[in-house]
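The block underneath contains the structure these notes are about, expressed in structure tokens.
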Amino acid sequence: MFYSKRHNEQFRVINVKTQSVFDFVNVIRATDGKKLGYEVKENLAYESKRYDKWITIKKGDKSDGATSAPDIDSWCWLIHDDLCNFGVFEDGSKCTNWQASKILSDILRAEGKWFRSFTWFTATWFFGGGKARKNGMF
């Protein structure tokens, strides 16, 4: 478990190599049954070794999944969406678009999805970012 001083709550530390992201989210559907996205079931935490930073995802946070790509069983889209939605790491420091995309790439590589780690890094860095992009491209 990880204790968040910022949120004053406990967070489950996820293992991207052994746990399925789909076990920790509920599908959000429109009245016609179309998938709109996902809602996180419990507080989750991920540590980026590259940046020595924690990312916390709160129960109830929402994600659209892998934007413009298939929703594969990967933690990368949930963690990337959180960084783009809020633009900060757990310690309150700003996350840039480059950092958010590098973390996405690191997760994909750790999961053994090396080709996607390059293609999705490029796509998210060029076209994504949200609040992380507003913090700067690098």
Side-chain angles (χ1 to χ4, degrees):
M1 294 299 272
F2 173 81
Y3 182 76
S4 164
K5 292 178 186 174
R6 189 168 71 122
H7 297 294
N8 198 29
E9 293 181 62
Q10 291 280 349
F11 286 73
R12 176 193 296 263
V13 176
I14 57 170
N15 184 325
V16 300
K17 293 179 183 177
T18 63
Q19 294 175 306
S20 170
V21 68
F22 294 118
D23 291 338
F24 295 89
V25 296
N26 289 317
V27 176
I28 302 168
R29 296 199 182 275
T31 55
D32 64 0
K34 181 181 178 204
K35 181 188 71 71
L36 298 174
Y38 301 91
E39 182 175 8
V40 179
K41 295 183 195 179
E42 65 181 283
N43 291 341
L44 302 170
Y46 170 77
E47 182 182 15
S48 167
K49 303 288 189 203
R50 175 185 298 270
Y51 296 110
D52 193 26
K53 299 279 187 182
W54 284 91
I55 297 104
T56 51
I57 305 164
K58 289 194 55 94
K59 177 181 179 177
D61 281 356
K62 309 248 183 328
S63 169
D64 67 350
T67 311
S68 302
D71 293 341
I72 62 171
D73 190 5
S74 174
W75 287 94
C76 72
W77 51 262
L78 184 64
I79 293 165
H80 185 261
D81 279 2
D82 188 79
L83 290 169
C84 294
N85 289 340
F86 302 104
V88 294
F89 292 106
E90 165 59 27
D91 64 5
S93 62
K94 290 183 178 182
C95 175
T96 66
N97 193 36
W98 178 268
Q99 290 172 311
S101 293
K102 286 304 280 185
I103 290 168
L104 170 136
S105 178
D106 290 344
I107 293 167
L108 284 163
R109 238 178 295 119
E111 294 169 337
K113 300 170 177 83
W114 64 270
F115 183 73
R116 273 198 173 109
S117 74
F118 296 107
T119 58
W120 285 21
F121 165 80
T122 304
T124 58
W125 188 63
F126 279 121
F127 303 110
K131 288 190 178 178
R133 187 180 204 77
K134 290 179 183 174
N135 291 337
M137 289 299 283
F138 293 98

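The figures that follow rest on heavy atoms only: side chains count, while hydrogens, waters and symmetry mates do not.
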Checklist entry - Closest heavy-atom contact between Lys34 and Asp32? => result N-OD1, 3.0 Å

Checklist outcome for this item: Output for pair (Phe11 CZ, Phe2 CZ), nearest 0.5 Å, gives 8.0 Å

Checklist entry - Given side chains that start at C-beta, do those of Phe86 and Asp61 come closer than 4.5 Å, heavy atoms only? => result yes

Checklist entry - Mind checking what makes side chain to side chain donor-acceptor pair (under 3.5 Å) contact with Glu42, not counting sequence neighbours? => result Arg12

Checklist entry - Considering all heavy atoms of both residues, which atom of Ala66 and which atom of Pro70 are nearest to each other, and what is their separation? => result CB-O, 3.3 Å

Next on the checklist: Treating Asn135 as the side-chain partner and Cys95 as the backbone partner, does any N or O pair qualify as donor plus acceptor under 3.5 Å?
Outcome noted: yes

Next on the checklist: Side-chain heavy atoms nearer than 4.5 Å, only ILVMFWY residues, links allowed to pass through others: does that put Ile55 and Leu104 together?
Outcome noted: no

Item to check | Inter-residue atom distance Trp98.CH2 - Phe121.CZ, 0.5 Å rounding | outcome: 3.5 Å

Checklist entry - Listed by chain and number, what are the side chain to side chain donor-acceptor pair (under 3.5 Å) partners of Thr67, not counting sequence neighbours? => result Asp64

Checklist entry - More than 12 foreign heavy atoms under 6.0 Å from CZ of Phe126: is that the case here? => result no

Checklist entry - For Lys5, which residues count as a side chain to side chain donor-acceptor pair (under 3.5 Å) partner, sequence neighbours excluded? => result none

Checklist entry - CG of Leu108 to CD1 of Ile72: how many Å apart, nearest 0.5 Å? => result 5.5 Å

Next on the checklist: Test your reading of the model: is there a side-chain donor-acceptor pair from Arg6 to the backbone of Glu90, 3.5 Å cut-off?
Outcome noted: yes

Item to check | Value rounded to 0.5 Å, distance of CD1 in Ile57 from CG in Asn85 | outcome: 10.0 Å

Next on the checklist: Which heavy atom of Asn97 sits nearest to which heavy atom of Gly128, and what is that distance?
Outcome noted: OD1-O, 3.5 Å

Checklist entry - Under a single-linkage definition using a 4.5 Å side-chain heavy-atom cutoff for Ile, Leu, Val, Met, Phe, Trp and Tyr, are Ile103 and Leu44 assigned to the same hydrophobic cluster? => result yes

Checklist entry - So if you build clusters from Ile, Leu, Val, Met, Phe, Trp, Tyr with side-chain heavy-atom gaps below 4.5 Å, do Val25 and Val16 land together? => result yes

Next on the checklist: Here's a test for you: under side-chain hydrogen bond (donor to acceptor under 3.5 Å, both in side chains), which of His7, Glu9, Lys59 qualifies with Asn43?
Outcome noted: Glu9

Checklist outcome for this item: Taking every heavy atom of Ala110 against every heavy atom of Lys17, the minimum-distance pair comes out as O-CG, 3.5 Å

Next on the checklist: Quick one, Val21 and Trp77 - any side-chain contact, counting heavy atoms below 4.5 Å?
Outcome noted: yes

Checklist outcome for this item: Across all chains, not counting sequence neighbours, the ring pair (Phe, Tyr, Trp, His ring centres under 6.0 Å) partners of Trp75 are Phe24

Checklist entry - Taking only residues two or more places apart in sequence, or in another chain, which ones meet Glu47 in a side chain to side chain contact (heavy atoms under 4.5 Å, CB included)? => result Lys49, Asp52, Trp54

Checklist entry - Rounded to the nearest 0.5 Å, how far does CH2 of Trp120 lie from OG of Ser105? => result 11.5 Å

Item to check | Sequence-distant partners of Thr31, side chain to side chain donor-acceptor pair (under 3.5 Å), two or more places apart | outcome: none

Item to check | NZ (Lys58) with more than 12 external heavy atoms under 6.0 Å | outcome: yes

Next on the checklist: Using the rule that Ile, Leu, Val, Met, Phe, Trp and Tyr join whenever any side-chain heavy atoms are under 4.5 Å apart, tell me whether Phe89 and Met137 fall into a single cluster.
Outcome noted: yes

Next on the checklist: How about NZ on Lys35, more than 12 heavy atoms from neighbouring residues, nucleotides or ligands closer than 6.0 Å, or not?
Outcome noted: yes

Checklist entry - Could you go step by step and tell me if Ile14 and Tyr46 meet the side-chain contact (heavy atoms from CB on, under 4.5 Å) rule? => result CA-CA 6 Å; Ile14 57 170; Tyr46 170 77; 4.0 Å; yes

Item to check | Ser93/Lys53 under side chain to side chain donor-acceptor pair (under 3.5 Å): CA gap, chis, key distance, verdict | outcome: CA-CA 9 Å; Ser93 62; Lys53 299 279 187 182; 3.0 Å; yes

Next on the checklist: Determine whether a donor-acceptor pair (N or O, by modelled atom type, separation under 3.5 Å) exists between the side chain of Lys131 and the backbone of Gly129.
Outcome noted: no

Checklist entry - Near Phe127 CZ, under 6.0 Å, is it more than 12 heavy atoms from other residues, nucleotides or ligands? => result no

Next on the checklist: Tell me whether Ile107 shares a hydrophobic cluster with Tyr38, the cluster being built from Ile, Leu, Val, Met, Phe, Trp, Tyr side chains joined at under 4.5 Å.
Outcome noted: yes

Checklist entry - Between atom OH of Tyr51 and atom NZ of Lys102, what is the distance when rounded to the nearest 0.5 Å? => result 6.5 Å

Item to check | For the student: nearest non-hydrogen atoms of Gly60 and Glu39, plus distance | outcome: CA-OE2, 3.5 Å

